[in-house]
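As a basis for the values below, the full set of heavy atoms in this structure was taken, side chains included, without hydrogen atoms, waters or symmetry mates.
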Amino acid sequence: MEQKTIALIAHDGKKPEMVGFVKDNIALLQNAKLVATGTTGAYIRQTGLDVELKLSGPKGGDAQIAALAAEGKIDAIIFFRDPLGKHAHEPDIQMLMRVCDVYNVPLATNPATGELILKGTL
Ligand SMILES: O=C(CO)COP(=O)(O)O
């Protein structure tokens with residue numbers, strides 16, 4: 001079976017939750033190729049997993065991941081947004097979610113859905 005590609009993204013207020021999610025699901029995630037926005041990816045690397053780092057979200061990382069999704073190069077996106085925060089790159093965030101809907105790419109925005117997606121994808 002071909003290796004699946006999972007994108008992982010978390011806003012600052014959600015990075016601890018993302019690291020916890022990755023640790024809880026490390027056995028599944030080890031089977032995948034991982035790609036992440038820059039700062040999220042740096043945290044995930046600390047768990048020992050190999051992850052390709054894109055630019056930081058506010059510097060275009062969300063847009064890079066959206067482009068990969070549009071090209072059919074991503075099997076699922078796990079994106080823990082901070083519902084309490086305001087973001088200068090909000091248009092990029094909306095664009096990423098829109099691209100997921102255009103191309104029917106599974107998108108989880110919380111750990112409960114993220115776990116279901118990992119179990120169904122990996
Ligand atoms: O801003 C982000 C998603 O919108 C995440 O970017 P970082 O992982 O670089 O913090």
Engineer: Does one hydrophobic cluster hold both V19 and I78, with members joined at side-chain heavy-atom distances below 4.5 Å?
Structural biologist: no

Engineer: Name all pairs fulfilling the salt bridge (Lys or Arg N to Asp or Glu O under 4.0 Å) condition that reach into residues 36-49, sequence neighbours left out, sorted by first residue then second.
Structural biologist: none

Engineer: With ILVMFWY side chains joined below 4.5 Å, transitively, what does I74's cluster contain besides itself?
Structural biologist: I9, V35, I65, L68, I77, F79, I93, M95, L96, M97, V99, V102, Y103, V105, L107

Engineer: Under 4.5 Å between side-chain heavy atoms, counting indirect links through other Ile/Leu/Val/Met/Phe/Trp/Tyr residues: same cluster for V51 and I117 or not?
Structural biologist: no

Engineer: Look up atom OG1 in T47 and atom CZ in F21, then write down how far apart they are to the nearest 0.5 Å.
Structural biologist: 12.0 Å

Engineer: I need the full list of side-chain hydrogen bond (donor to acceptor under 3.5 Å, both in side chains) pairs touching residues 17-28, with sequence neighbours left out, sorted by first then second residue.
Structural biologist: K14-E17

Engineer: Provide the full list of salt bridge (Lys or Arg N to Asp or Glu O under 4.0 Å) pairs with a residue in residues 82-109, sequence neighbours left out, each pair given once.
Structural biologist: none

Engineer: Could I get the full list of side chain to side chain contact (heavy atoms under 4.5 Å, CB included) partners for T39, not counting sequence neighbours?
Structural biologist: K15, Y43, S56

Engineer: Please enumerate all residues that pass side chain to side chain contact (heavy atoms under 4.5 Å, CB included) together with L116, with sequence neighbours excluded.
Structural biologist: none

Engineer: Ignoring hydrogens, what is the shortest heavy-atom contact between I44 and M18? Give both atom names and the distance.
Structural biologist: CD1-CG, 4.3 Å

Engineer: Enumerate the residue pairs fulfilling salt bridge (Lys or Arg N to Asp or Glu O under 4.0 Å) with a member in residues 60-80, sequence neighbours excluded, ordered by first and then second residue.
Structural biologist: E71-K73

Engineer: Who passes side chain to side chain donor-acceptor pair (under 3.5 Å) against H89, sequence neighbours left out?
Structural biologist: none

Engineer: Applying side chain to side chain donor-acceptor pair (under 3.5 Å), name anything that partners T113, two or more places apart in sequence or on another chain.
Structural biologist: N110

Engineer: If I compare all heavy atoms of P83 with all of R81, which pair ends up nearest, and what's the gap?
Structural biologist: CD-O, 3.1 Å

Engineer: Has the side chain of T40 got a donor or acceptor atom that lies under 3.5 Å from a matching backbone atom of A10?
Structural biologist: yes

Engineer: Applying salt bridge (charged side-chain N to carboxylate O under 4.0 Å, His left out), can you list everything that pairs with E52, at least two apart in sequence or on another chain?
Structural biologist: K33, K54

Engineer: Using every non-hydrogen atom in the two residues, find where T37 and G57 come nearest and quote the distance to one decimal.
Structural biologist: CB-N, 4.1 Å

Engineer: Side chains of L49 and V22: does their closest heavy-atom pair fall under 4.5 Å?
Structural biologist: yes

Engineer: Taking all heavy atoms of K4 and all of L122, pick out the closest pair and write down the distance.
Structural biologist: CB-CD2, 3.7 Å

Engineer: Please enumerate all residues that pass salt bridge (charged side-chain N to carboxylate O under 4.0 Å, His left out) together with K59, with sequence neighbours excluded.
Structural biologist: none

Engineer: Working to the nearest 0.5 angstrom, can you tell me the gap between Q3 CD and L34 CG?
Structural biologist: 8.5 Å

